[in-house]
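Chain naming here is simple, since letters A, B, ... match the order of the sequence lines and numbering starts at 1 in each. Only a predicted model underlies this, so the values are computations on that prediction, with no experimental measurement involved.
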2 protein chains.
Amino acid sequence: MTTIDDVARRAGVSASTVSYALSGKRTISAATRARVEKAIAELGYTPHAGARALASARTNVLALMAPLRPDVDVSVIMQFVTGVVTKARSHDYDVLLLTQEDAAGLSRVASGMVDGLILMDVEAKDQRIPVVTQLRQPTILIGLPEDPQGLSCVDFDFDAAARLAVRHLHRLGHTSLALLGPPPAVLERHTTYADRLLTGYRAQCAAEGLQPVVEATGSSHTAALAALDAVLARSEQLTAVVVHNEAALASVVSGLHDRGRRVGEDVAVLALCPAYVAESQSIPITSIDIPALTIGEVAVEMLLERTGAPHAAETRLLAPTLHERQSTFPLEPPVLT
Amino acid sequence: MTTIDDVARRAGVSASTVSYALSGKRTISAATRARVEKAIAELGYTPHAGARALASARTNVLALMAPLRPDVDVSVIMQFVTGVVTKARSHDYDVLLLTQEDAAGLSRVASGMVDGLILMDVEAKDQRIPVVTQLRQPTILIGLPEDPQGLSCVDFDFDAAARLAVRHLHRLGHTSLALLGPPPAVLERHTTYADRLLTGYRAQCAAEGLQPVVEATGSSHTAALAALDAVLARSEQLTAVVVHNEAALASVVSGLHDRGRRVGEDVAVLALCPAYVAESQSIPITSIDIPALTIGEVAVEMLLERTGAPHAAETRLLAPTLHERQSTFPLEPPVLT
DNA sequence: CTGAAAGCGCTAACAT
DNA sequence: ATGTTAGCGCTTTCAG
């Protein structure tokens with residue numbers, strides 16, 4: 001293994017000069033810097049991460065605790081992870097991947113393995129919060145727990161998204177809508193995004209005088225159709241459905257078709273999902289895009305602001321934007337006879 | 001931060017005793033061990049990872065280079081990553097996540113950040129192979145490159161899987177089959193699994209005297225239907241289709257239905273995908289399951305065997321198993337009139 | 001602008 | 001069965 005001393009010897013300088021040339025923490029003459037860089041290149045030197053961590057108390061690694069289950073929203077999770085890793089790399093950080101179940105992982109990595117943590121899929125009363133508040137490294141939460149205890153949070157504004165969905169459909173003339181939400185298991189965990197979506201949906205329906213029909217939706221085709229049939233049974237003249245379940249979306253669309261309801265003509269479909277999921281359906285689906293990649297990037301930025309100098313806690317909610325595609329349409333008022 | 005010296009002082013022993021109590025590398029009297037453990041618990045001590053890495057030249061971290069793109073097989077990738085992380089944790093290893101694009105990452109982490117590497121999505125002439133053969137840490141490849149250069153490999157036996165698919169359908173009486181494969185981009189990259197599937201499919205068709213119809217299949221609904229129509233056009237009396245594209249599967253099934261071909265009655269569908277993907281379709285699809293979780297686990301086991309003492313290179317191919325579900329059926333021979 | 005030297009916290013000989 | 005001690009490779013005072 002080539003060490004900083006090898007480089008120093010080769011460049012004819014001291015080890016500390018090499019270190020400073022690398023970190024830029026003090027001014028180095030152009031000539032010296034050139035010799036050092038040449039030596040580094042020739043030797044293919046890379047600093048030993050452990051030694052650096054020991055001496056500087058920084059690791060340039062951050063931990064990401066992600067829900068690795070074949071869940072309803074694999075592609076949301078993947079995009080999110082992608083956003084975190086690429087943004088971290090652009091700041092010269094690496095990412096250590098922890099699973100949601102690895103409770104001990106938090107304190108383990110806290111001992112000098114990482115400079116900060118990002119927790120995905122935060123629940124209303126998340127057990128991990130009291131743990132991470134004790135750490136000396138900063139933590140960013142994805143989601144809004146009941147009590148963030150001074151931690152910073154980022155998420156998509158699911159409340160606003162639900163309201164936007166209802167308002168949009170209502171303005172198009174739809175008055176009988178239904179929400180097909182995430183699977184029952186997600187609701188039971190009280191993952192905060194699911195709760196906030198529901199709250200927003202119910203509130204906006206109330207504000208606009210609409211009946212808030214809601215159904216939890218399993219991810220299998222059969223479960224999706226069951227949920228669809230349930231809402232269809234509850235309101236026969238249903239003309240619009242909001243789908244917040246990536247895995248069920250295709251089944252809902254084909255299910256409507258099979259039941260003789262033309263999507264985009266008889267019934268409007270509005271999905272909450274990543275844009276590319278909405279685009280690759282049998283009909284391009286109007287959607288409120290979940291900006292998973294961006295959330296991951298923002299989480300990293302907020303985290304890195306807080307490694308080193310302390311920074312006030314803050315909560316950032318990304319505003320929803322709606323993309324009209326072919327699955328929504330203005331409802332003609334019934335012809336008066 | 002509490003250090004090993006704090007623990008030693010509290011337990012009334014030397015630091016090395018604490019270290020040995022932790023590592024088990026020499027025998028400690030029950031009494032001493034108890035005092036040490038008590039002190040550790042009371043102080044909430046966790047060894048500093050960097051210091052440990054520096055002193056022992058081991059990190060208990062392994063790197064996983066994963067393709068983080070919204071690709072055709074998100075759920076395969078997620079399962080694979082899950083297998084790696086959970087198996088690694090069961091051996092007290094953590095996982096550092098690198099992206100496929102981060103070429104420099106390989107040499108960066110090689111400088112003492114990790115004890116070994118796992119490379120996913122290996123291509124026939126993968127540029128990363130010459131890099132990792134130079135490292136002192138072992139590497140495991142997922143996939144079979146043309147020349148593994150002494151590296152160990154794991155993968156699903158896609159060649160055998162394709163042969164099994166053809167043989168199974170042929171035995172059921174199907175003589176006009178088609179393969180709907182991964183998107184063109186995957187083929188162009190020469191990701192090895194795609195190539196091997198094709199080879200096996202063509203070889204087995206030849207061996208059984210069948211015409212090997214093949215079509216690359218994009219992941220959007222439209223692209224999937226286009227591919228379906230293409231194979232339908234090429235052989236009007238098509239009775240069986242093999243789908244190796246998780247994202248396109250649902251579209252192919254609904255497309256067949258819309259074209260008046262009943263899946264499981266007029267046309268057989270056999271998918272290569274994770275079991276749960278096959279199960280959650282509109283009709284449970286007969287599948288050859290891609291054991292992504294297992295591959296991840298095996299990769300970790302092979303890797304850990306090779307950290308420390310060297311171990312002969314080996315290639316492990318997981319044998320395919322076929323799960324009959326409702327989308328395949330024996331084809332009645334045409335009634336002779 | 002550059003060197004020398006003192007650790008950072010731990011492991012693993014080397015002692016006993 | 002346990003203690004002593006010399007590093008591991010780097011960063012960062014302290015000196016010049």
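Salt-bridge formation is not detected for the pair Glu301(A)/Arg306(A): no Lys NZ or Arg NE/NH1/NH2 atom is positioned less than 4.0 Å from an Asp or Glu carboxylate oxygen. The residues Asp155(A) and Arg196(A) are annotated as salt-bridged, a charged nitrogen and a carboxylate oxygen being separated by less than 4.0 angstrom.
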Walk along nucleotides 9-16 of chain C from 5' to 3' and tag each nucleotide B, S or - by protein heavy-atom contact under 4.0 Å, base first, then sugar-phosphate.
BBSBBB--
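Bending across the helix from dC1(C)-dG16(D) to dT16(C)-dA1(D), expressed as the angle between its end axes from five pairs apiece, amounts to 30° (10° rounding).
Contact check of residues 106-117 of chain A against DNA chain D (heavy atom, cut-off under 4.0 Å) returns no residues at all.
Note: Lys38(A) NZ to Leu43(A) CG = 10.5 Å, rounded to the nearest 0.5 Å.
Side-chain contact between Met65(A) and Gln100(A): present, with at least one pair of heavy atoms (C-beta onward) separated by less than 4.5 Å.
Residues meeting the ring-ring contact (aromatic ring centres under 6.0 Å, His included) test with Tyr193(B), sequence neighbours left out: Phe158(B), His244(B). In this view, Asp157(A) satisfies the side-chain hydrogen bond (donor to acceptor under 3.5 Å, both in side chains) rule with no residue, not counting sequence neighbours. With sequence neighbours excluded, no residue satisfies salt bridge (charged side-chain N to carboxylate O under 4.0 Å, His left out) with Glu305(B). Remark: Thr17(B) engages Ser14(B) in a side-chain hydrogen bond (donor to acceptor under 3.5 Å, both in side chains) (not counting sequence neighbours). For Thr139(B), there are no side-chain hydrogen bond (donor to acceptor under 3.5 Å, both in side chains) partners two or more places apart in sequence or in a different chain. The side-chain hydrogen bond (donor to acceptor under 3.5 Å, both in side chains) test applied to Thr307(B) returns no partner, not counting sequence neighbours.
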Donor-acceptor contacts, no H, no angles, side chain residues 91-99 of chain A, under 3.5 Å, sequence neighbours left out:
| unit_1 | atom_1 | unit_2 | atom_2 | d |
| --- | --- | --- | --- | --- |
| Tyr93(A) | OH | Arg58(A) | NH2 | 2.7 |
| Asp94(A) | OD1 | Arg108(B) | NH1 | 2.6 |
| Asp94(A) | OD2 | Arg108(B) | NH1 | 2.2 |

Result block: side-chain N/O donor-acceptor pairs under 3.5 angstrom for residues 20-27 of chain B, not counting sequence neighbours:
| unit_1 | atom_1 | unit_2 | atom_2 | d |
| --- | --- | --- | --- | --- |
| Ser23(B) | OG | Ser19(B) | O | 3.3 |
| Ser23(B) | OG | Lys25(B) | N | 3.2 |

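The outermost nucleotides of DNA chain D lying under 4.0 Å from heavy atoms of chain B, listed 5' to 3', are dA1(D) to dG9(D).
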